[in-house]
Amino acid sequence: MRLSKHFIPTMKENPSEAQIVSHRLMLRAGMIRQSSAGIYIWLPTGLSVLNKIADIVREEQNRAGAIELLMPTIQPAELWQESGRYDAYGKEMLRITDRHERNMLFGPTNEEMITDLFKNNVKSYKDLPLNLYHIQWKFRDEVRPRFGIMRGREFLMKDNYSFDLDFEAAKESYNKMYVAYLRTFARLGLVAIPVRADAGAIGGDLSHEFQILAETGESTLHYDKAIEDFDLSSLTGDIDDETVAKLQGLYAMEEEKHDVDNCPVDAADLKTAKGIEVGHIFYFGTKYSASMGARVAGPDGKEVDVEMGSYGIGVSRLVGALIEANHDDNGIVWPESVAPYKVGLINLRFKDENCTNACDTLYEKMENAGIEVLYDDRDVGAGAKFANMDLIGVPWQVVVGPKGLEKGVLELKNRRTGERVELSEEELLAKLG
RNA sequence: CGGAAUGUAGCGCAGCAUGGUAGCGCGCUUCACUGGGGGUGAAGAGGUCGCAGGUUCAAAUCCUGUCAUUCCGACCA
């Protein structure tokens, strides 16, 4: 895409309302604009990153055997009255009345709806296990939205729900999702520590929060440093049961649940860090199936309440979390897997025919090769182009100027390391292709 | 929801005490120069000062109300 024809409204100065780095950079890099408190417009590059994250999440869900569907954002109050959560949920639930005075709500989560769907369509153990997911906008009317997209009121979430006949099967479903989560975050280049979370009386130990390590995290974690030996951010291959068991056996707790005196890990092996919650998985047994009557016939012909679990990933929150984990003084440093563009093409001399011709040609070749390229073809100074491209965070910058052209080379800059190499056009296309 | 602050041009801010023609920087437009890290100069455009009342000859400025946004805390499947 040519920058001159694109819509990426970047800003030189920091908007005063943005306090944390990801919020500032998302505004400055032209990814989002605020509509009202905790509600944002996703501009083209922001949307692109959001979609790429969602695609990775989707691929890993599919790989794990989950099946995608799409439930509505607006739900009828009756479902929530059935489960008893309509009154319990409080003011965080945005309640709406339609023209027929019917009570509706903007869904903050979908346990009720999916349980209702399940009970109306699944009657036999033969249809289990079943794991359904969707990636849909949620709304929680947070008292105090903050940190931009990270703690918004409207947010994009992948949530899925597993249905099994008994606890053993449910545990298997749970572990499949555990693995899928490890893989998902690894593909995003993130270290996401699986932290033991308390899911209440029912969940037992089958509940984990996945926390990305970042200084601006809202929660404090204490974890066995042996977890780092798993090299979580590159755990993208097969993950066997043994690895899962080992990892789940290692200590990792949030501050509130951490007991210094009874901690099984030596102080010397314990690490403390701030985390951002980006995923949460838990088994909750028959909490909703019992209250809403979701039963299946077992092999013996007797009906049993179905065993359920639910699993969430904050897709929009991940955009902010990724920036918290990947930025420097100049701007965002996207991992290639989610960057809005892979390459930024910088024409240093707009008015130099040789430069512009070389850029135009190279741009076409890259487009034809399927390389996602952002071509800065504007008539502005070189410094402005470098600064802008750094801010947006494109992983590779191809710099075309008169000096290089005389030598017959193109310059390739790595956004993360700052390293620059000179390459021929063939070498460059081969490297980026 | 408790506490605190702020609303003046797209962004960042000054002006308000002591009422009297709406300001600065960045960005934007045009032109010239420049051309490897947000360059230089000149000329421009852009604001019913959050909104509604009130006081006054006169309100960005004083008074009342209201809305919005932000920060601290509590809360957060």
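Lettering of chains follows the sequences in order, A, B, ..., and the numbering in each one begins at 1. Worth knowing before you read on, the calculation uses all heavy atoms, side chains too, and leaves out hydrogens, waters and symmetry mates.
Across the protein-nucleic acid pair, A/M11 atom CE and B/rG25 atom C1' stand 16 Å apart, rounded to whole Å. Rounding to whole angstrom units, CD of residue A/E142 and P of B/rA74 are separated by 15 Å. Between A/K257 atom NZ and B/rC76 atom C1' there is a gap of 12 Å when expressed in whole angstrom units. The distance between atom CE of A/M389 and atom C1' of B/rG36, rounded to the nearest whole Å, is 14 Å. A/F350 has its CZ atom 18 Å from the P atom of B/rG39, to the nearest Å. Rounded to whole angstrom, the span from the CG atom of A/N14 across to the P atom of B/rG10 amounts to 19 Å. Rounded to a whole Å, the CZ atom of A/R378 is 16 Å from the C1' atom of B/rG36. Taking atom CD of A/E411 as the reference point, atom C1' of B/rG37 lies 12 Å away to the nearest angstrom.
Residue A/K91 places at least one side-chain N or O under 4.0 Å from the OP1 or OP2 atom of B/rC1. Considering only side-chain N and O atoms, A/S16 lies nowhere under 4.0 angstrom from the phosphate OP1 or OP2 of B/rU70. Distances shorter than 4.0 Å separate none of the side-chain N or O atoms of A/K12 from OP1 or OP2 on B/rC26.
Across all strands, A/G90 comes closer than 4.0 Å to no nucleic acid atom at all (heavy-atom distances). At the heavy-atom level, A/D390 lies under 4.0 Å from base atoms of the strands shown. Counting non-hydrogen atoms under 4.0 angstrom, A/N110 reaches nothing in the nucleic acid. The residue A/Y89 sits close to a base: some heavy atom pair falls under 4.0 Å. Note on A/K138: nothing from the nucleic acid sits closer than 4.0 angstrom, heavy atoms only.
Note on ring orientation: taking the six-membered ring where Trp is involved, the planes of A/Y89 and A/W80 are perpendicular (angle over 60°, cut-offs 30° and 60°).
In this structure, the nucleotide among B/rG25, B/rG36, B/rC76 sitting nearest to the side chain of A/E92 is B/rC76. For A/F386, whose side chain is taken as the heavy atoms from C-beta onward, the closest listed nucleotide among B/rC26, B/rC1, B/rG37 is B/rG37. The A/V399 side chain lies nearest to B/rG36 when the options are B/rG36, B/rG39, B/rA74.
Remark: the A/E13 side chain and the B/rG25 base include a donor-acceptor N/O pair separated by less than 3.5 Å.
Here the separation of B/rA14 from B/rC51, taken at their C1' atoms, is 23 Å to the nearest Å. For the P atoms, the distance from B/rU69 to B/rU55 is 31 Å, rounded to whole Å. Across B/rU61 and B/rG20, the matching P atoms stand 10 Å from one another, rounded to whole Å. Rounded to whole Å, the P atom of B/rA74 lies 28 Å from the corresponding atom of B/rG7. Rounded to the nearest Å, the gap between the P atom of B/rU21 and that of B/rC16 is 13 Å. Comparing the C1' positions of B/rG15 and B/rG25 gives a spacing of 15 Å, expressed to the nearest Å. With P as the reference atom, B/rC71 and B/rC13 are 14 Å apart, rounded to whole Å. Nucleotides B/rG38 and B/rU48, compared at atom P, are 35 Å apart to the nearest Å.
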Which donor-acceptor pairs under 3.5 Å do the side chains of residues 307-319 of chain A make with protein atoms, sequence neighbours left out?
from   : atom 1 : to     : atom 2 : distance (Å)
A/E307 : OE1    : A/Y283 : OH     : 2.2
A/S310 : OG     : A/E111 : OE2    : 3.2
A/Y311 : OH     : A/S162 : OG     : 2.7
A/S316 : OG     : A/L156 : N      : 2.8
A/R317 : NE     : A/M150 : O      : 2.9
A/R317 : NH1    : A/E277 : O      : 2.8
A/R317 : NH2    : A/M150 : O      : 3.2

If you look only at distance, which donor and acceptor atoms sit under 3.5 Å apart when one is on a side chain in residues 46-56 of chain A and the other is two or more places apart or in another chain?
from  : atom 1 : to     : atom 2 : distance (Å)
A/N51 : ND2    : A/L47  : O      : 3.4
A/K52 : NZ     : A/A339 : O      : 2.8
A/K52 : NZ     : A/E372 : OE1    : 2.6
A/K52 : NZ     : A/E372 : OE2    : 3.2
A/D55 : OD1    : A/R58  : NH1    : 2.9

Can you give each donor-acceptor pair under 3.5 Å made by side-chain atoms of residues 330-337 of chain A, sequence neighbours left out, with the distance rounded to 0.1 Å?
from   : atom 1 : to     : atom 2 : distance (Å)
A/W334 : NE1    : A/I392 : O      : 3.1
A/E336 : OE2    : A/W396 : NE1    : 2.7
A/S337 : OG     : A/R187 : O      : 3.1

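In this structure, B/rA45 makes no Watson-Crick or G-U wobble pair, since no nucleotide meets both defining distances under 3.5 angstrom. Under the Watson-Crick or G-U wobble criterion, with both distances below 3.5 Å, B/rA58 has no partner in any strand shown. When both distances must be under 3.5 Å, the Watson-Crick or G-U wobble mate of B/rA32 is B/rU40. As the counterpart of B/rC51, B/rG65 is assigned, both hydrogen-bonding distances of the Watson-Crick or G-U wobble pattern falling under 3.5 Å. Of the nucleotides present, B/rG23 is the one that pairs with B/rC13 by Watson-Crick or G-U wobble criteria, both distances under 3.5 Å. Summarising the base pairing, B/rA74 is matched to no nucleotide, lacking a Watson-Crick or G-U wobble pair whose two defining distances lie under 3.5 Å.
Using modelled atom types, one finds no donor on one side chain facing an acceptor on the other under 3.5 Å when comparing A/N62 with A/E68. Under the 3.5 Å distance criterion, with hydrogens and angles disregarded, no donor-acceptor pair is assigned to the side chains of A/T109 and A/D159. The closest side-chain donor-acceptor pair between A/N414 and A/R420, if any, does not fall under 3.5 angstrom. Side-chain N/O atoms of A/E254 and A/T220 include no donor and acceptor closer than 3.5 Å. A donor atom on one side chain and an acceptor atom on the other are not found under 3.5 Å apart for A/Q61 and A/Y133.
Ranked by how close their nearest RNA chain B nucleotide is to the 5' end, A/A387 and A/G381 are led by A/G381.
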| message | Please determine whether side-chain hydrogen bond (donor to acceptor under 3.5 Å, both in side chains) holds for the pair A/H6 and A/Y341, giving the CA-CA distance in whole Å, both sets of side-chain angles, and the decisive distance to 0.1 Å. | response | CA-CA 13 Å; A/H6 208 345; A/Y341 291 92; 2.8 Å; yes
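Within residues 144-158 of chain A, the residues approached by RNA chain B to less than 4.0 Å at the level of any non-hydrogen atom are A/R144, A/R146, A/R151, A/F155, A/M157, in residue-number order. Looking at residues 17-41 of chain A, you'll see A/E17, A/Q19, A/R28, A/Q34, A/S36, A/A37 sit with a heavy atom under 4.0 Å from some atom of RNA chain B.
Counting only residues at least two apart or in different chains, salt bridge (Lys or Arg N to Asp or Glu O under 4.0 Å) contacts with residues 379-407 of chain A comprise A/K351-A/D379, A/D390-A/K413, A/D390-A/R415, A/K407-A/E422.
A ring-centre distance under 6.0 Å is not found for A/W137 and A/F155. Ring centroid separation for the pair A/H208 and A/Y178 comes in under the 6.0 Å cut-off.
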